[in-house]
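Keep in mind it's a predicted model, so treat the numbers as computed, not measured. Every heavy atom of this structure was used, including side-chain atoms; hydrogens, water molecules and symmetry mates were not.
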Amino acid sequence: MLIAIIIISVVGTLLHFTYEFSHHNKIMALFAAVNESTWEHIKIALTPTLLYSLYDGFCYGTNPNYFFAKVLSLLTIILVIPLIFYSYTSLTKKPILVIDILSFYITIALSQLVFYAILKMPALPFTINYIGAVGTFIIFGIYMTATLFPVKNFLFKDPLTKEYGIKAHEIYDKQKKHK
């Protein structure tokens, strides 16, 4: 579990900068942060978690609770990052970088704790795990399209440009060039 947390954390951290380093490669936009919205920070935790599924699926895929554990670990990321961010910023009235960074790592650790705890539970009914499998694929589908077609709500809004998705990054680049 500790190795998973470290690998997911390192890859997620690198994904914060990968879109910029890739010279705005549209394929990288699917996996890396393209702006500073809450969604993009969720995405850079989901990407390495989903990639790590290639490994943990090989190791634990025969566990009858695997897909339920996977979907709950993904939902943990989707819920905890905004919960921490919007909770503390409602008190501070502004984001604090150190808290944002710590919350990212805490969320990844919590996600992996949930995953391994469910794997160790007695076998859950097939229908629960089937729902987990379907939920995992639904999350993956939403994840793959949300940057290209962002929902116009607070989770997807870049606080720097007040825009959404890749367009927010394009505006940010233009603002940087004019300074």
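- For the side chain to side chain contact (heavy atoms under 4.5 Å, CB included) test, residues two or more places apart in sequence or in another chain that qualify with I3 are I7, Y52.
- Under the 4.5 Å side-chain heavy-atom criterion for ILVMFWY residues, no single connected hydrophobic cluster contains both V10 and F104.
- Between F154 and Y86, the two ring planes are perpendicular [angle over 60°; tilted spans 30° to 60°].
- No side-chain heavy atom of S37 sits less than 4.5 Å from a side-chain heavy atom of K157.
- Judged by distance alone, with hydrogens and angles left aside, the side-chain atoms of T47 form a donor-acceptor pair with the main-chain N or O of K43 at under 3.5 Å.
- Under the ring pair (Phe, Tyr, Trp, His ring centres under 6.0 Å) criterion, F115 pairs with Y66, not counting sequence neighbours.
- Around the CD1 atom of I27, the shell of radius 6.0 Å holds no more than 12 heavy atoms that belong to other residues, nucleotides or ligands.
- N63 contributes a side-chain N or O that, together with a main-chain N or O of L119, makes up a donor-acceptor pair within less than 3.5 Å.
- In this structure, the ring of H24 has its center less than 6.0 angstrom from the ring center of Y19.
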Name every donor-acceptor pair, under 3.5 Å, that has one atom in a side chain of residues 130-140 and the other anywhere in the protein, sequence neighbours excluded.
unit_1	atom_1	unit_2	atom_2	d
T136	OG1	G132	O	2.8

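- Residues forming a ring pair (Phe, Tyr, Trp, His ring centres under 6.0 Å) with Y105 (at least two apart in sequence, or on another chain): none.
- Put simply, NE2 on H41 and NE2 on H16 are 3.0 Å apart, with the number rounded to the nearest 0.5 Å.
- Between the S90 side chain and the S87 main chain, a donor and an acceptor come within less than 3.5 Å of each other.
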Could you walk me through whether T161 and N35 pass side-chain contact (heavy atoms from CB on, under 4.5 Å), step by step? CA-CA 9 Å; T161 64; N35 65 49; 6.0 Å; no
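- Under the 4.5 Å side-chain heavy-atom criterion for Ile, Leu, Val, Met, Phe, Trp and Tyr, F17 and W39 are members of distinct hydrophobic clusters.
- Scanning for side chain to side chain contact (heavy atoms under 4.5 Å, CB included) contacts around M1 gives I5, Q112, L113, Y116, with sequence neighbours left out.
- When every heavy atom of N129 is checked against every heavy atom of N65, the shortest pair comes out as OD1-CA, 3.1 Å.
- With sequence neighbours left out, D56 forms a salt bridge (charged side-chain N to carboxylate O under 4.0 Å, His left out) with K70.
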